[in-house]
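One structure is given here, and the rest of the page talks about it.
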Amino acid sequence: MPNPVVVIAEAGGPLARAAKRAGYDPFVIDTLGTADAPGAVCESARFPFGVLDLIAQAPAGASVLLGGPMENHPDLVDAVTKGRELLGSSTAAMRNSRHPYALSTLPPFAGLRLCRTKTRLSFAGRLARLAFGSLGKDYLLKPRFESGGRGIEAWSSNGKIDDAHYLQQLVKGSPMSAAFHADGWSCQFLGMTEMLVGESAFGAPPFAWCGSIGPVKPSKKAKAALQHLGVVLTQRHDLRGVFGVDLVMDHRGNLWPIEVNPRFTESMEVIERATGRSALAPTGKAATTTGEPSEMHAKAAVFAKRAGVVGELPEGCVDARPTEPPIQPGERVCGILASGKTVRDCAAGLQAQLEAVYAAIETASH
């Protein structure tokens with residue numbers, strides 16, 4: 001490999017493709033296996049800690065690129081990257097930017113709104129909950145060591161908060177994902193997509209990411225807020241390389257940041273496909289596009305709705321799981337991509353592929 005890099009992620013295909021766009025030769029360690037790149041497969045039940053047993057198979061001295069949910073395990077990242085360069089944010093930056101109060105303590109700015117966050121209930125809060133039982137209606141219980149929206153629940157008024165969870169204000173609106181590239185001081189806004197979250201049509205659990213459509217063109221006020229947000233987070237936490245911020249846009253156009261992802265996110269692949277530029281190396285020359293020009297791109301993850309065996313998936317599916325063992329409800333089957341002039345075109349393209357994917361599972365499971 002002339003320019004090797006080790007890609008480590010639960011689903012490594014999107015980051016492997018991004019690494020290739022940036023000029024790397026990826027060796028992928030994930031739970032699915034990547035058909036067009038060498039690598040090693042870690043059993044889902046042993047991920048991410050099983051990566052320690054596989055890293056020795058990677059090219060000696062190769063740098064490391066991380067995808068989700070590695071940012072939640074900085075001690076493991078330190079062990080895996082011993083003797084290797086970690087491309088992107090440091091483990092200290094991961095710890096700090098993933099802290100529950102990393103966003104709620106940001107300085108005010110026009111167009112930005114900050115969610116109320118709690119890691120424990122005060123005595124007054126407990127009394128109010130006992131008296132009125134209303135606090136839980138406005139909060140989500142979020143796990144500190146998950147990614148992709150998994151494990152998030154609406155918090156009930158008689159619930160408890162432990163060290164692995166925190167409460168974040170529930171905000172109604174459109175879920176968005178913003179992409180940035182940073183050098184520890186300055187920050188470049190790469191683009192924004194609208195996220196599909198908890199969609200039952202894709203078999204996704206409640207609140208879980210299952211797709212992105214974009215790019216979304218922000219208003220002048222929103223773009224200024226995003227650029228401010230990216231710079232503040234970069235300078236406060238020394239973020240480097242690509243990072244994403246999940247947000248909610250309310251009906252007034254205000255942006256409510258809800259999570260920082262100090263690594264490559266799957267939504268970034270949509271921005272790369274739309275712009276022809278690498279998120280990992282955004283100042284490089286844009287790729288030459290072929291075929292009919294499209295204004296919008298989309299990708300989605302398909303999750304099994306029933307147990308069965310995955311048959312032959314339709315052409316165009318990406319990041320497909322191995323056909324063995326049989327798939328269980330809630331497990332990721334594959335990714336699907338679509339493009340078109342409008343959001344409706346993209347949605348129609350995803351729907352057609354979605355039906356074909358589920359047909360393959362149903363046919364094979366009889």
Side-chain angles (χ1 to χ4, degrees), residues 1 3-22 24-59 62-74 76-81 84 86-89 91 94 145-150 204 208-212 241-242 244 261-270 272 279-280 299-304 310 313 317-328 330-337 357:
M1 289 185 177
N3 192 18
V5 69
V6 186
V7 166
I8 304 175
E10 189 171 22
L15 182 50
R17 291 189 289 274
K20 288 183 177 181
R21 293 186 189 101
Y24 293 104
D25 298 294
F27 179 95
V28 183
I29 301 177
D30 71 353
T31 62
L32 300 175
T34 303
D36 55 353
V41 177
C42 181
E43 295 178 12
S44 296
R46 299 188 64 240
F47 190 87
F49 298 98
V51 170
L52 275 172
D53 299 328
L54 302 173
I55 190 66
Q57 299 181 31
S63 301
V64 176
L65 277 170
L66 299 179
M70 297 301 293
E71 73 278 7
N72 294 322
H73 305 281
L76 174 62
V77 173
D78 282 333
V80 168
T81 57
R84 299 177 183 270
L86 175 60
L87 301 178
S89 295
T91 51
M94 293 177 196
F145 307 111
E146 288 284 359
S147 66
R150 290 177 300 190
W209 176 89
C210 58
S212 298
V242 291
N261 296 300
R263 40 84 178 172
F264 184 89
T265 70
E266 291 206 50
S267 295
M268 292 176 188
E269 187 169 23
V270 171
E272 287 192 328
L280 300 175
K299 70 175 297 183
V302 183
F303 299 87
V310 179
L313 294 172
C317 290
V318 295
D319 311 323
R321 73 180 298 280
T323 56
E324 296 291 340
I327 197 166
Q328 300 301 316
E331 291 184 343
R332 183 165 171 165
V333 183
C334 65
I336 53 179
L337 304 171
V357 169

Starting at [atom1] of [X], measure out to [atom2] of [Y] and round the result to the nearest 0.5 Å.
{"X": "Thr91", "Y": "Asp78", "atom1": "OG1", "atom2": "CG", "value": "3.5 Å"}
{"X": "Leu76", "Y": "Thr81", "atom1": "CG", "atom2": "OG1", "value": "9.0 Å"}
{"X": "Arg321", "Y": "Ser44", "atom1": "CZ", "atom2": "OG", "value": "7.5 Å"}
{"X": "Leu87", "Y": "Leu280", "atom1": "CG", "atom2": "CG", "value": "8.5 Å"}
{"X": "Cys42", "Y": "Glu10", "atom1": "SG", "atom2": "CD", "value": "9.5 Å"}
{"X": "Ile29", "Y": "Phe47", "atom1": "CD1", "atom2": "CZ", "value": "9.0 Å"}

Kindly determine whether Cys334 and Asp319 satisfy side chain to side chain contact (heavy atoms under 4.5 Å, CB included), including the steps that lead there. CA-CA 5 Å; Cys334 65; Asp319 311 323; 5.9 Å; no
Can you list the residues that meet the side chain to side chain donor-acceptor pair (under 3.5 Å) rule with Ser63, with sequence neighbours excluded?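 For Ser63 the side chain to side chain donor-acceptor pair (under 3.5 Å) partners, ignoring immediate neighbours, are Glu85.
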Excluding sequence neighbours, so at least two apart, what forms side chain to side chain donor-acceptor pair (under 3.5 Å) with Asp30?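 Not a single residue meets the side chain to side chain donor-acceptor pair (under 3.5 Å) criterion with Asp30.
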pair Glu331-Val310: side-chain heavy atoms closer than 4.5 Å: no
Please answer whether the main-chain N or O of Asn3 pairs with a side-chain N or O of Asp25 as donor and acceptor at a distance below 3.5 Å.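 Yes; judged by distance alone, with no hydrogens or angles, the pair exists.
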Hey, is CD on Glu43 packed in by over 12 heavy atoms from elsewhere, all under 6.0 Å? no
Any idea which heavy atoms bring [X] and [Y] closest together, and the distance?
{"X": "Val28", "Y": "Gly12", "result": "CG1-CA, 4.0 Å"}
{"X": "Val242", "Y": "Ala279", "result": "CG1-O, 2.9 Å"}
{"X": "Gly330", "Y": "Phe303", "result": "O-CD2, 3.4 Å"}
{"X": "Gly33", "Y": "Val41", "result": "CA-CG2, 3.6 Å"}
{"X": "Ala16", "Y": "Pro26", "result": "O-CG, 3.8 Å"}

Under the rule for salt bridge (Lys or Arg N to Asp or Glu O under 4.0 Å), what residues qualify as partners of Glu269, not counting sequence neighbours?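 Salt bridge (Lys or Arg N to Asp or Glu O under 4.0 Å) list for Glu269, sorted by chain: Arg17, Arg21, Lys299.
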With sequence neighbours left out, write down each residue that passes side-chain contact (heavy atoms from CB on, under 4.5 Å) with Ala58, or none if nothing qualifies. Val6, Phe27, Ile55, Arg84
Got a sec, which residues hit side-chain contact (heavy atoms from CB on, under 4.5 Å) with Ala304, two or more places apart in sequence or on another chain?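 By the side-chain contact (heavy atoms from CB on, under 4.5 Å) rule, Ala304 matches Ile327, Val333.
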Cut-off 3.5 Å, no hydrogens considered: what does the side-chain donor-acceptor table look like for residues 66-73, sequence neighbours left out?
{"residue": "Glu71", "atom": "OE1", "partner": "Arg263", "partner atom": "NE", "Å": "3.0"}
{"residue": "Glu71", "atom": "OE2", "partner": "Arg263", "partner atom": "NE", "Å": "3.4"}
{"residue": "Glu71", "atom": "OE2", "partner": "Arg263", "partner atom": "NH2", "Å": "3.1"}
{"residue": "Asn72", "atom": "OD1", "partner": "Arg98", "partner atom": "NE", "Å": "3.1"}
{"residue": "Asn72", "atom": "OD1", "partner": "Arg98", "partner atom": "NH2", "Å": "2.9"}
{"residue": "Asn72", "atom": "ND2", "partner": "Glu146", "partner atom": "O", "Å": "2.9"}

Take Arg332 and Thr31 through the test side chain to side chain contact (heavy atoms under 4.5 Å, CB included) and record every step on the way to the result. CA-CA 10 Å; Arg332 183 165 171 165; Thr31 62; over 6 Å; no
